[in-house]
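One structure below.
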Amino acid sequence: MLFLSCYNEAMVSNTHPLLRSLNAQQCEAVTVSDGPVLVLAGPGSGKTRVLTHRIAWMLTEQQVPPWRVLAVTFTNKAAREMRERIDGMLDSAGGRDILIGTFHAMCARILRREADWIGLPKDYLIFDTDDQLAVMKMVVKELGLDDKRYRPRGLLNAISAAKNELILPPDYPVRTYHDEVVARAYARYQATLRNNNALDFDDLLVEPVRLFRSQPEVLAKYRDRFRYLLVDEFQDTNIAQYVLLRLLSQDHRSLFVVADEDQSIYSWRGADYRNIQRLHTDYPELVEILLVENYRSTQVILDAARALISHNVDRTPKDLFTRKQGGAPPTVREAYDEEEEGSLIAREVQSLRGTRYGYGDIAVMYRTNAQSRALEEAFIRQGIPYRLIGATRFYSRKEIKDVLAFLRLVQNPEDSVSFQRVVNVPARGIGARTLAKIAAQAERDGKGHYQACLVLLAQGGLGSRTSNAVQGFVDLVQMWRPYQSEATVMQLLDRILSDTDYESYVKDGTPEGDSRWENVMALRAVVEEAPLLSLADFLTEVALVADIDEIEDQVEAVTLLTLHSAKGLEYPVVFIAGLEEGMLPHSRAIEESPQAVAEERRLLYVGMTRAMERLYLSYAFRRNWYGNNEPATHSRFLDDLPDDVVGGRRSRRQVQTTHQNWGVPAWPTGQSVGGRPERQQIQRKFQRGQRVRHRRFGEGAVQDSQIEGNDEIVTVLFFDNRVGVKHFLAGAAPLESVSEH
DNA sequence: AAGGATTGCTTTTTT
DNA sequence: AGCAATCCTT
């Protein structure tokens, strides 16, 4: 891919302050016409930045009203950041009127308004994975299936895959008896969801498609409303999301998507990077722009990542480059087991900490959540502050789910899943037998479990003790429901907590008990922060947040996270642990298919390209696997890294050496990359008028220098007319000062 | 009905 | 090894 001429780069950058921090390619991407645009870009190429500038550009240059813009991001966090940046760029709060969010959040909103067009309740609940499992278990029981042969989880996976491809129960392809059972379970599952007034995550995407396909006037309304569609991380869209985009953009064809095939890591949940090809077919007039400059990583890190990914077939080769020449080479290190791996990393973190890196600059990544334990233990031993992303997600903790279940019951008594969850919380003498009676009654009437209780109580079909217990629970809900209309969510929550004496239920004198109560209080704080939210909106919001959304940026702690959650983030220092066969690539992937292994490779690629300055890879010689300690082999991916880039490499013989070296901090220190100043205070090294020399471009004069983020952006006009104006990051030390005389 | 012991099974990855 | 579902005892 060729650059535009430097002349253009200078022109565009000088004409529009909005575009000043962009290079020529990015400017082009931002300013191309209104029609469909695909920006294909490598990691660290400023994809999201281009998207952000594009929005700001439309709002100012094209006078697009903010409310006509729909921007879809991958996480709520990305959405929040984008909105803030737009506000900053426009010097106003215009970002507030733009609809920016995830597909799921956007769909939840649309359904909240339009549900009755397709016979759905507007006050629907969103069922998460646990709820889905509970529903499926009920279904399996009702259909009298053998839960060994038809595992609820497996059925859910099949159903989810079908939904992602917009296949409804009647259309489920039946080729074997097993398929036939899945189809029946699917139909029954769907019916149960509807009886519960609930949608699952996949329904959130499927139902809007159904809405738009069946109600042209509704579609027309949203098409008009969202005249400009922008999508980040397009390679991770599934069929349903793609169809949604196509429906919305069919007329105006103003679609601007940003993608990187090499970062496609969600095929297991239906993402289909072939959507990029579909785009070319469905939009022949599509303008494609390739961004290949990387602003994040040093040359050596980028080289390693490129070498790794180049082994994948079926991709657009990208000639990625960075102006941050040189740098400390990535290193590979073998540890004896995961415990040693942990302390090795912890020790290196400690020594990095003395230099210009703070804890907050460092991230440790791994394939599976289970791997975090060994790392945590090492960090605790060495007193290193860390924060763990993801492991037990806040909203799936028992105590939180219990409290939410109470709230959901108030919102919607038909919700049998929540009913079963809390009918005996705290224990009030309603056990399995009683629950079975209630379930049977519910099935007879085709109503929810709560309704069934009312019926049973009226009929007096229960023993006096159970009857009292059930009555007690029903009374609670009956008290809370009318209270809801006059009270805020916060007041309702407090009432529930005190009526159930939840505090003493949860606190059992152990430290865990205290922490459970702290979690409940944390939930209360969440409610407190959004005092105006209705109960329905609050529950929706809670269902759609990801742990990654909660990351605050200026925390002085090392971040521990899975490679999947690392997408879209960057850190000066990155450790990737557990590079063993079976771990990364994961054994499941190896068994499954070469394509699955290719995805594992992309996953590592994503991780490696998160690193700005330093990258450490490690693996263990033995690893605990299902309880026993098994020897491991280093990941095949390590063999694909260039030898000259990666120092100190494994071999069977070195294993012994390493074992003897136990306790010696053996990470190579490496040369620092340019003069990246201390975190708290970034000083400018260049000023206007200063004379500088660049290795390739010769001498020139500094036009401008600005601090952006953690680095200094220097604009230089070179004396060689063919070179013209260029921008540099001082952190990569591309320029040296020349004294004039 | 509740709590404790036993068994058997599991691990990708997440909106 | 850890956890959930199941069994067993009170």
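Below, read A as the first sequence line, B as the second, and so on, with proteins coming before strands; counting in each chain starts at 1. Values in this document were obtained by computation on a predicted structure and should not be read as measured data.
- Between A:Thr129 and B:dT14 there is no side-chain polar atom (N or O) within less than 4.0 angstrom of OP1 or OP2.
- Regarding contacts with the backbone of B:dT13, every side-chain N or O of A:Ser565 stays at 4.0 angstrom or more from both OP1 and OP2.
- Straight-line distance from the CD atom of A:Glu591 to the P atom of B:dT11: 14 Å, rounded to whole Å.
- Between B:dA1, B:dT11, B:dT13, one nucleotide has an atom nearer to the side chain of A:Thr466 than all others, and that is B:dA1.
- Taking the ring centroids of A:Tyr189 and A:Tyr186, they lie at or beyond the 6.0 Å cut-off.
- A:Met82 and A:Leu51 get closest at one heavy-atom pair: CE-CD2, 3.7 Å.
- Of the candidates B:dT15, B:dT11, B:dA2, the closest approach to any side-chain atom of A:His586 belongs to B:dT11.
- Look at CG on A:Leu544: it is 12 Å from C1' on B:dT14, rounded to the nearest Å.
- Comment: A:Lys47 does not engage A:Asp232 in a salt bridge, judged by the lack of any side-chain N to carboxylate O separation of less than 4.0 angstrom.
- At the heavy-atom level, A:Thr434 lies under 4.0 Å from the strands shown only through sugar-phosphate atoms.
- When the nearest nucleotides of DNA chain B are assigned to A:Arg153 and A:Gly429 by heavy-atom distance, the more 5′-ward of the two goes with A:Gly429.
- Note: CG (A:Asp236) to P (B:dT13) measures 17 Å, nearest angstrom.
- Dashed line: the shortest gap from a side-chain N or O of A:Arg151 to OP1 or OP2 of B:dT10 is under 4.0 Å.
- The pair A:Arg373-A:Glu376 does not count as a salt bridge, with every side-chain nitrogen at least 4.0 angstrom from each carboxylate oxygen.
- Atom pair A:Asp232:CG and B:dT15:C1' shows a separation of 15 Å (rounding to whole Å applied).
- As judged by a 4.0 angstrom heavy-atom cut-off over every strand, A:Arg602 is placed among residues making no nucleic acid contact.
- For A:Lys137 and C:dA5, the shortest distance from a side-chain N or O to OP1 or OP2 is below 4.0 Å.
- A straight line from CZ of A:Phe74 to P of B:dT14 spans 10 Å, rounded to a whole angstrom.
- Here the P atom of nucleotide B:dT13 and the CG atom of A:Asn238 are 20 Å apart, to the nearest Å.
- Atoms CD1 (A:Ile590) and P (B:dT11) sit 18 Å apart, rounded to a whole Å.
- For B:dA2, one of the phosphate oxygens OP1 or OP2 lies less than 4.0 angstrom from a side-chain nitrogen or oxygen of A:Asn424.
- Nearest to the side-chain atoms of A:Arg433 among the listed nucleotides B:dT11, B:dT15, B:dA1 stands B:dA1.
- For the residue pair A:Arg113 and A:Lys122, the shortest heavy atom distance occurs at O-CE, 3.0 Å.
- Distances were taken from every side-chain heavy atom of A:Tyr266 (C-beta onward) to each of B:dT11, B:dA2, B:dT14; the shortest belongs to B:dT14.
- OP1 and OP2 of B:dT11 both lie 4.0 Å or more from every side-chain N or O belonging to A:Asn369.
- Atom OH in A:Tyr395 sits roughly 13 Å away from atom P in B:dT15 (whole-Å rounding).
- For the residue pair A:Asn519 / A:Arg516, no side-chain donor-acceptor distance below 3.5 Å is found, with atom types taken as modelled.
- For A:Thr562, a side-chain nitrogen or oxygen approaches OP1 or OP2 of B:dT14 to under 4.0 Å.
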